[in-house]
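We're numbering straight along the sequence, starting at 1.
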Amino acid sequence: MGNTKTQKLVSNIGLFAVGSLGSKLISFILIPIFTKYMSTTEFGQVDLITTTINMLLPVVAFSIADAVFRFVMDKNGDKVAVFTNGMSFTGLMVLMIGLAYPILIMLSVNYVKYILIYLCVGLIQSLMQNFVRGIGYTKLFAINGLLSSLVLAGIGIYRIVLQHSGVVGYLDALILSNVVSIIFLGSLAKVWQFYAISSLNKYFLISMLKYSMPLIPNAFLWFFTNDASRFFIVGMIGLTANGLYAVATKVPTLINVFYTVFSQAWQISAVEEYEKNRNGRFFSNVLNANIGLSLVLIGAVIVFLQPMMHVFVAPDFFPAWQIVPILLLASFFSNLSGFLGTIYLATKQTIGIMKTTVLGMLVNVILNSVLIPLLGLQGAGMGAALGFAFVTLIRLRDVHKFVRLKVSRGPLVISLILIIFMTVVQLVSVEQGVTLYLILILSEAVLIVINIRSLLNLKNN
């Protein structure tokens, strides 16, 4: 009989994949459409606004949405108290945002009305999403992701393509897609049943904020750790090199999309398992399966890397393939450290996330300052990979305080050696011949054989 915990994790991964991958596909399709009807300046403004809002969301609301997700999943958690205090605090922050309007008008900030409205609806939508995911409405959560993307596409095409509204049209689409999402989640989950003024409790709210506030600097530090390499590249090598680096990072992003789907499902399983059983067996099995599957996928990408880059990028950008393998390893360790980060969330020890991320950031900065002048773009990739590997190692040691994890070191080390070998073989090969691809395919076959056991262990548990 299949293991119930594994079945639930796989089922949730499938549900989140529908919403996340569907919405990513829609967003991908919209890019060439919107860029055709918007100037580079307009699209740059939209990108700047959305990036700023995404950075402000956890700051303005003290990451209370993350606390709502975690607290509502407590075994004996009071759903009404969690939602009431979380939503009330979010409402208070929305009022505070309104007070900023005249100040920003005086500072002559462009599109200030749209920015503030987008920030307000974003705060509410984020809290609603985390709440319905926490109470087990995974299908609703998944469908919502797809629905909001369809609304964004429909309104965006109408306002930008047909009405030529530019930045304002794009912001209208973003705001209305969030509004539709709030109405959809609120009505189907009947969230009004979970709100009661009598459940307002400042001590309970403080306990939620103590959990969520360490996640605020972590969000900034993680952002800095991911993007620090770009500043070093521009300063030490130049903008052209940074263009190649930017193209190279698009390939690992594809894997990160799939990991995001897994992570959304895993957070639920991690909290539930920690509440019931702390011996670490299930955590270890999922960790090793995660490692095995990731390494097999990275090997597969390396096999087809050069043909893929020939098809998808212009000739001037083709040399970017050379730094993709090391960036895939950076992505691997980043996702692995993120996996371990969910244990801090499950145990409510969020201060550990912040401490380990600070250390990783420092290591990343030091390595970039040393390796980029020596090795160029390869040095940037190595700095990122080693920085995230360092975070993974210290988190692996630290989480033993909460859960005993057993990593299959042998398959991990051999797999990493194989991936490095596959990369070096391509770098030193003069041309892409049959012999090269036979070596790569055989190496990938060995990767599959080495890691298949970890996947079977998860299935059989």
Side-chain angles (χ1 to χ4, degrees), residues 12 16 19 53-54 56-97 119-142 144-145 148 178 181-219 260 263-272 274-275 341-351 353-354:
N12 284 339
F16 292 135
I53 296 299
N54 288 332
L56 286 175
L57 282 172
V59 179
V60 174
F62 291 5
S63 287
I64 194 71
D66 293 307
V68 166
F69 169 74
R70 177 59 188 89
F71 277 67
V72 82
M73 289 196 68
D74 278 341
K75 188 175 181 180
N76 299 313
D78 186 341
K79 294 181 176 63
V80 173
V82 172
F83 184 75
T84 300
N85 286 277
M87 183 57 77
S88 297
F89 183 79
T90 301
L92 178 62
M93 293 302 102
V94 167
L95 292 176
M96 296 294 289
I97 291 170
L119 180 59
C120 290
V121 295
L123 290 174
I124 298 170
Q125 197 257 2
S126 177
L127 184 136
M128 298 271 277
Q129 278 196 129
N130 277 277
F131 181 72
V132 298
R133 183 162 63 106
I135 61 177
Y137 290 2
T138 50
K139 289 182 181 178
L140 185 63
F141 177 88
N144 173 70
S148 58
N178 275 329
S181 173
I182 292 168
I183 296 171
F184 176 74
L185 292 172
S187 58
L188 269 70
K190 299 179 180 178
V191 294
W192 57 86
Q193 297 179 351
F194 298 96
Y195 190 91
I197 295 178
S198 59
S199 293
L200 284 172
N201 186 312
K202 69 176 182 179
Y203 299 106
F204 185 71
L205 177 59
I206 289 171
S207 68
M208 291 176 70
L209 291 172
K210 283 182 178 178
Y211 168 88
S212 66
M213 286 180 69
L215 298 175
I216 301 171
N218 178 69
T260 300
S263 180
Q264 290 172 336
W266 169 240
Q267 286 180 9
I268 296 173
S269 295
V271 173
E272 291 178 343
Y274 186 76
E275 291 288 333
T342 59
I343 296 177
Y344 291 106
L345 298 177
T347 58
K348 296 184 180 178
Q349 301 296 321
T350 49
I351 194 71
I353 292 181
M354 185 178 71

List for me each residue that meets ring pair (Phe, Tyr, Trp, His ring centres under 6.0 Å) alongside Phe89, sequence neighbours excluded, and say none if there are none.
->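 Listed in chain order: Phe62.
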For Tyr344, check ring pair (Phe, Tyr, Trp, His ring centres under 6.0 Å) against everything at least two apart and list the hits.
->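 If we apply the ring pair (Phe, Tyr, Trp, His ring centres under 6.0 Å) test to Tyr344, skipping adjacent residues, there are no hits.
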Quick one: pull up [atom1] in [X] and [atom2] in [Y] and give me the separation to the nearest 0.5 Å.
| X | Y | atom1 | atom2 | result |
| --- | --- | --- | --- | --- |
| Gln129 | Ser148 | CD | OG | 7.0 Å |
| Asp78 | Phe194 | CG | CZ | 10.5 Å |
| Arg133 | Met73 | CZ | CE | 9.0 Å |
| Met87 | Leu127 | CE | CG | 4.5 Å |
| Met208 | Asp66 | CE | CG | 10.5 Å |

Do the rings of Phe131 and Phe83 sit parallel, tilted or perpendicular, given the 30° and 60° boundaries?
->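 Aromatic pair Phe131/Phe83 classed tilted.
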Heavy-atom closest pair, residues [X] and [Y]:
| X | Y | value |
| --- | --- | --- |
| Leu57 | Gly122 | CD2-C, 3.7 Å |
| Thr90 | Ile64 | OG1-CG2, 3.6 Å |
| Gly86 | Val68 | CA-CG2, 4.0 Å |

Under 3.5 Å donor-acceptor, [X] side chain and [Y] backbone:
| X | Y | value |
| --- | --- | --- |
| Thr84 | Ala196 | yes |
| Asn85 | Phe204 | no |
| Ser212 | Ala65 | no |

Step through the shown structure and confirm whether more than 12 heavy atoms of other residues, nucleotides or ligands are within 6.0 Å of CG on Leu95.
->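 Atom CG in Leu95 is crowded, with more than 12 foreign heavy atoms closer than 6.0 Å.
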Can you list, pair by pair, the side-chain donor-acceptor contacts under 3.5 Å of residues 181-191, counting residues two or more places apart and other chains?
from	atom 1	to	atom 2	distance (Å)
Ser181	OG	Gln125	NE2	2.9
Ser181	OG	Asn144	OD1	2.6
Ser181	OG	Asn144	ND2	3.2
Ser187	OG	Ile183	O	2.7
Ser187	OG	Phe184	O	3.3

CA sep, side-chain torsions, deciding dist, call: Asn201, Ile206, side-chain contact (heavy atoms from CB on, under 4.5 Å) = CA-CA 9 Å; Asn201 186 312; Ile206 289 171; over 6 Å; no
Kindly determine whether Ser88 and Tyr195 satisfy side-chain hydrogen bond (donor to acceptor under 3.5 Å, both in side chains), including the steps that lead there.
-> CA-CA 9 Å; Ser88 297; Tyr195 190 91; 2.8 Å; yes
